[in-house]
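Worksheet for the structure shown next.
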Amino acid sequence: MEFLHGTIERVPLPDRSVDVIISNCVINLSDDKAAVLAEAFRALRPAGRFGVSDVVVDGAADPEQRRATEQRIGCVAGALPVAAYRDLLAAAGFTGARITLTADHGDGVHSAIVQAVKPAAGQDLEMRPMRPSDADQVLAVYQAGLDTGQASFETIAPSWDGFTAARLPHLRYVDADTGTGQVAASQVSARPVYAGVVEHNLYVHPGRQAHGIGRALLSAFIAASENAGVWTIQSGVFPENAASLALHQALGFRVVGTRERLGRHHGVWRDVLMIERRSGVTGA
Ligand SMILES: CC(C)(COP(=O)(O)OP(=O)(O)OC[C@H]1O[C@@H](n2cnc3c(N)ncnc32)[C@H](O)[C@@H]1OP(=O)(O)O)[C@@H](O)C(=O)NCCC(=O)NCCS
């Protein structure tokens, strides 16, 4: 056994070096919880598990009430509301978040067991959420896909602001090593009935295609989206895009139909195949 001296915001361990992180009620005491979860994500191996006990509050507990509870049990001051905890876990890249309330301390304060998983995109591939520092790479890979003329009706990649505004923050991933593969999803409708329906796009840098990155990212994305409550992933694919079509069908997408001469691309009317994958897990 070896003891290492560090802080939970800067863990003295290399990337992807541990299988499991366990801890007993300290994250609530950190004033930079996002950094704590980002460090946990960094140190875990793909498919690694995070399981800590912590103190949480249900809803936005009244500050007065919190102060009174703090007098009684201590360490409540930094406790997160359950929903905020989930959002921070998702922002760090974790999926499958489960927050189980255990002891009820009154005034909306609970002990909780917090569990989550680092998604595994493949044996040698790790998937992590897109960050602003990925902007140039993400937009360049996106543009390279558009330049094939088979990926989309779009011809010019949007700005980073435009790209991120149209895509869900918790469903935007890149492969962590090279950033040469990316997958991101948009909500198809604001209507509550479609809350679990998203449209995705998947792009791999032309110099890295046919190495299994697309498959690994798409399978990890399917799992992450199911964990996030998505039941249908849909997309439009040009019939000429054999690689995309084969890959999606291999991972459970079906062709719903052909929309004929749907739009003009470089002056040519083109058909679009509508594809979708209905989860057998979420909303089953
Ligand atoms: C579609 C795309 C994401 C696939 O990514 P990739 O990393 O090259 O794909 P993978 O290496 O993981 O291949 C997975 C499967 O896709 C299919 N595939 C990949 N390239 C193919 C090709 N040139 N022709 C036919 N099928 C192909 C195969 O079924 C393959 O499985 P296999 O290796 O068991 O045969 C990639 O080609 C790409 O970025 N294209 C440009 C952008 C684009 O068109 N995006 C999709 C918009 S709908």
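Counting starts at 1 for both ligands and their atoms, following the listed order.
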Hey, mind stepping through Arg131 and Val174 against side-chain contact (heavy atoms from CB on, under 4.5 Å) and telling me if it holds? CA-CA 9 Å; Arg131 303 176 184 139; Val174 292; over 6 Å; no
If we count only non-hydrogen protein atoms and require a distance under 4.0 Å, does [atom] qualify as touching the protein?
atom	result
atom 11 (O) of ligand 1	yes
atom 6 (P) of ligand 1	yes
atom 43 (C) of ligand 1	yes

Under 4.0 Å between heavy atoms, the region of Asn201 that gets near ligand 1 turns out to be neither
Among all protein heavy atoms, pick the one closest to atom 48 (S) of ligand 1 and tell me residue, atom and distance.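 Looking only at protein heavy atoms, the one closest to atom 48 (S) of ligand 1 is Ser244 OG, 3.3 Å.
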For atom 16 (O) of ligand 1, what's the nearest protein heavy-atom neighbour? Residue, atom name and distance, please. Leu247 CB, 3.3 Å
Are the side chain of [X] and the backbone N or O of [Y] linked by a donor-acceptor pair below 3.5 Å?
X	Y	result
Gln209	Val204	yes
Glu226	Phe221	no
Ser30	Asp32	yes

Is [X] close enough to touch ligand 1? Criterion: a residue heavy atom under 4.0 Å from a ligand atom.
X	result
Thr148	no
Ala210	yes
Gly212	yes

Shared hydrophobic cluster for Val197 and Phe253 (ILVMFWY, side-chain gaps under 4.5 Å):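 Looking at the clustering, Phe253 is in a separate group from Val197.
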Test ring-ring contact (aromatic ring centres under 6.0 Å, His included) on Phe238 and Phe153 and set out the steps. CA-CA 9 Å; Phe238 288 135; Phe153 278 116; 5.1 Å; yes
Nearest heavy atom to atom 26 (N) of ligand 1 wins, so pick from Ser235, Ala243, Ala144.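 Among Ser235, Ala243, Ala144, the closest heavy atom to atom 26 (N) of ligand 1 comes from Ala243.
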Pick whichever of Gly236, Ala151, Gly145 has a heavy atom sitting closest to atom 47 (C) of ligand 1.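 Answer by nearest heavy atom: Ala151.
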For Tyr142, is the NZ or CZ atom of Arg167 found under 6.0 angstrom from the centre of its six-membered ring and inside 45 degrees of the ring axis? yes
Using a 3.5 Å cut-off and no angle test, enumerate the donor-acceptor pairs between side-chain atoms of residues 81-92 and protein atoms at least two apart in sequence or in another chain.
residue, atom, partner, partner atom, Å
Tyr85, OH, Asp54, OD2, 2.6
Arg86, NH1, Ala97, O, 3.2

